Amino acid sequence: MANQAYLLQQLNKAVLLMATRLDQEQQASLDELAEAAALSKYHFHRIYRLLLGETCQQTQLRLKLAKAGQALALAQTSVTEAALQAGLLRLSL
């Protein structure tokens, strides 16, 4: 098995991609995340959960919550607007 420090470095690339996509109001696919980490999809997901203690979906939710929290902390917006901007809510017309 590969060195744990190397794997964490590779997984960090995937987390950075998640954060970048969140800023672009998009969501990275599992294929894109695995590619960013230079791992197969199967190994990426297994190693991600093992080393980071959460799934990619949980990480993406945590990043969205952090983004909403930042907007609220800076008093830039209402709770509803912060949730919408972070991708936690969607308006259906």
Side-chain angles (χ1 to χ4, degrees):
M1 186 169 176
N3 182 334
Q4 184 174 347
Y6 170 78
L7 290 173
L8 287 170
Q9 181 181 12
Q10 295 304 106
L11 293 178
N12 187 52
K13 293 175 184 178
V15 173
L16 289 174
L17 176 60
M18 283 185 220
T20 300
R21 289 292 173 83
L22 179 61
D23 288 340
Q24 299 168 348
E25 297 181 9
Q26 298 175 351
Q27 187 166 326
S29 69
L30 182 59
D31 288 332
E32 292 170 320
L33 295 172
E35 184 178 325
L39 297 167
S40 73
K41 214 173 22 172
Y42 170 77
H43 285 97
F44 170 77
H45 194 262
R46 187 175 56 83
I47 290 169
Y48 193 97
R49 282 188 66 196
L50 179 68
L51 293 181
L52 298 184
E54 62 186 11
T55 65
C56 295
Q57 187 175 11
Q58 290 169 323
T59 300
Q60 289 179 350
L61 178 58
R62 187 171 44 79
L63 291 170
K64 287 178 180 182
L65 289 169
K67 182 177 179 178
Q70 282 180 329
L72 289 171
L74 297 174
Q76 294 177 338
T77 187
S78 68
V79 172
T80 303
E81 186 61 32
L84 285 168
Q85 290 175 3
L88 294 166
L89 291 177
R90 294 182 194 256
L91 287 179
S92 56
L93 302 174

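Note that this is a predicted model, so its numbers are computed, not measured.
- Partners of Gln70 under the side chain to side chain donor-acceptor pair (under 3.5 Å) rule, at least two apart in sequence or in another chain, do not exist in this structure.
- Residues Tyr6 and Leu51 share a hydrophobic cluster, clusters being chains of Ile/Leu/Val/Met/Phe/Trp/Tyr side chains in contact below 4.5 Å.
- Listed by first then second residue, pairs satisfying salt bridge (Lys or Arg N to Asp or Glu O under 4.0 Å) with a partner in residues 26-44 read Arg21-Glu32, Asp31-Lys41, not counting sequence neighbours.
- Enclosure of atom CD in Gln24 by more than 12 non-hydrogen atoms of other residues, nucleotides or ligands within 6.0 angstrom is indicated.
- Contact of the Asn12 side chain with the Leu8 side chain is not registered, since no non-hydrogen atoms from C-beta on lie closer than 4.5 Å.
- Val15 places none of its side-chain heavy atoms less than 4.5 Å from the side chain of Leu33.
- Once rounded to the nearest 0.5 Å, the distance linking CG of Leu50 with CG of Leu11 reads 9.5 Å.
- Residues satisfying the salt bridge (Lys or Arg N to Asp or Glu O under 4.0 Å) criterion with Glu54, sequence neighbours excluded, are Arg62.
- For residues 63-74, no residue pair satisfies the salt bridge (Lys or Arg N to Asp or Glu O under 4.0 Å) rule, not counting sequence neighbours.
- With values rounded to the nearest 0.5 angstrom, Gln10 atom CD is found 6.5 Å from Leu39 atom CG.
- Think of Leu16 as one node in a network of Ile, Leu, Val, Met, Phe, Trp and Tyr side chains linked at under 4.5 Å; it has no links at all.
- Closest non-hydrogen pair, Phe44 versus Cys56, comes out as CE2-SG, 3.4 Å.
- Put simply, CD1 on Ile47 and CG on Leu7 are 5.0 Å apart, with the number rounded to the nearest 0.5 Å.
- Taking Ile, Leu, Val, Met, Phe, Trp and Tyr as members and joining any whose side-chain heavy atoms lie under 4.5 Å apart, directly or through other members, the hydrophobic cluster of Val79 also contains Leu72.
- The main-chain N or O of Thr55 is found under 3.5 Å from a side-chain atom of Gln58 such that the two form a donor-acceptor pair.
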